[in-house]
Each structure stands twice: as C-alpha cells, then as structure tokens.
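Here the structure is laid out as structure tokens; the discussion comes afterwards.
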Amino acid sequence: MIGIASDHAGFETKRKLIEYLTGSGYEVKDFGTSSPESMDYPDVAHPLAESLARGDIELGIGLCGTGNGISMTLNKHKEVRAALCWNEELASLARHHNDANILTLPARFITSDEAIRITATFLKETFDGGRHRRRIEKIPCAQ
Ligand code: RB5
C-alpha cells in the first residue's frame, strides 16, 4: 500500500502518479489535496506521516512545488525518512543508503514523466543495510 499526498502545486502530478501506480498494480491511498485550489501542504503531510507511523502504508510519496515544505513537515515525524529527489539516481540512493520511506518530489521543477520514472525507481530499489543502518539509527534526536 502506497500513500500519496500533495498540495495544489503537485495536484496534477499526483493525479498522473496515481494513474501510473494503480495501472502498475499498486494499492494507493490518496491523502489529498483533491483539487488545484490553493491549500497548505502540512494539512496533507501530517496525515500521510501518521498513516506511515501506524503501518497502514508501507511507503509514501509527497509533492509540493519545490518539495521542500512537504519534506520539512514529513520529517518532523520520527518514523519518517522523507527524501527529496529530482532524478532517478537520487531516488535509488535514497533507498539504498537512507532507507527512505517517503519520496518527496518538486512538482514545479520536474515533468510528470520524470516524476513517474523517479517513483518507479524509488519503489523498486531496496536498503543496503550494514553501515547505512548504523547511520540511519543515529538520525532521531533525543528530544
Ligand atoms: C505553493 O505555492 C508552494 O509554496 C508550495 O508548493 C511549496 O513549494 C512549499 O514548499
């Protein structure tokens, strides 16, 4: 089960990604937004992160115009490792090295076709473990 969320800037790319994912056999839970009308990305990012923390979804995809706002919001949740990726190599490394569990995309800076290719890479790659596990275990802060 893949969760997906975007603000208005990522709405159209999200629609195309959902089409691609369902066509490829994935189950998709859409956390909104549900129209191109202006809205605030935290309102969809927090529910996506909470769903991942509960284990209702295995991986997530978040989009906003730059990818930064949604990444910042998602990464406030200790269970989330959201990685902002704008090409396939970054998406591959985010899985191999960081065990990223949410892919974030800068919808205003990539085409929908690029978003699909980056997503496909993110979903097929896996975590290398080893020294990278030690590093990701050090990410959460004490507070
Ligand atoms: C919306 O205009 C834009 O600020 C938002 O999509 C995102 O880029 C914020 O980080």
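Residues: numbered from 1 along the sequence shown. Order of listing sets the numbers, starting from 1, for every ligand and every atom in it.
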### Query
Just by distance, do the side chain of Ser92 and the backbone of Glu88 share a donor-acceptor pair under 3.5 Å?
no
### Query
Under 3.5 Å, side chain of Thr104 to main-chain N/O of Ala83, donor-acceptor pair present?
yes
### Task
Give yes or no for whether the N/O distance cutoff of 3.5 Å, strictly under, is met between Gly65 and ligand 1.
yes
### Message
Tell me whether Asn68 has any N or O atom under 3.5 angstrom from an N or O of ligand 1.
### Response
no
Closest approach of any protein heavy atom to [atom], naming residue and atom:
atom                    : answer
atom 10 (O) of ligand 1 : Gly69 N, 3.0 Å
atom 8 (O) of ligand 1  : Thr66 N, 2.9 Å
atom 5 (C) of ligand 1  : Asp7 OD2, 3.2 Å
atom 7 (C) of ligand 1  : Cys64 SG, 3.4 Å
atom 9 (C) of ligand 1  : Tyr41 CE2, 3.5 Å
atom 3 (C) of ligand 1  : Arg108 NH1, 3.9 Å

### Message
Ignoring hydrogens, what is the shortest heavy-atom contact between Val80 and Asn75? Give both atom names and the distance.
### Response
O-OD1, 3.5 Å
#### Entry: Salt-bridge present (Glu12, Arg15; N to O < 4.0 Å)
yes
### Task
Mark yes or no: Lys29 above the aromatic ring of Phe31, with NZ or CZ under 6.0 Å from the six-membered ring centre and no more than 45 degrees from the axis.
yes
### Contact atoms of ligand 1, heavy-atom distance to His8 under 4.0 Å
1 (C), 2 (O)
### Query
Between Ala9 and ligand 1, which part of the residue brings a heavy atom under 4.0 Å of the ligand: side chain, backbone, both or neither?
side chain
### Query
His46 vs His77 aromatic rings, parallel, tilted or perpendicular, using cut-offs 30° and 60°?
tilted
### Message
With a sphere of 6.0 Å drawn around CD of Glu79, does it hold more than 12 non-hydrogen atoms of other residues, nucleotides or ligands?
### Response
yes
#### Entry: Non-hydrogen atom of Met72 closer than 4.0 Å to ligand 1
no
#### Entry: Approximate separation, where rounding is to 0.5 Å, of Ile118 CD1 and Thr111 OG1
8.0 Å
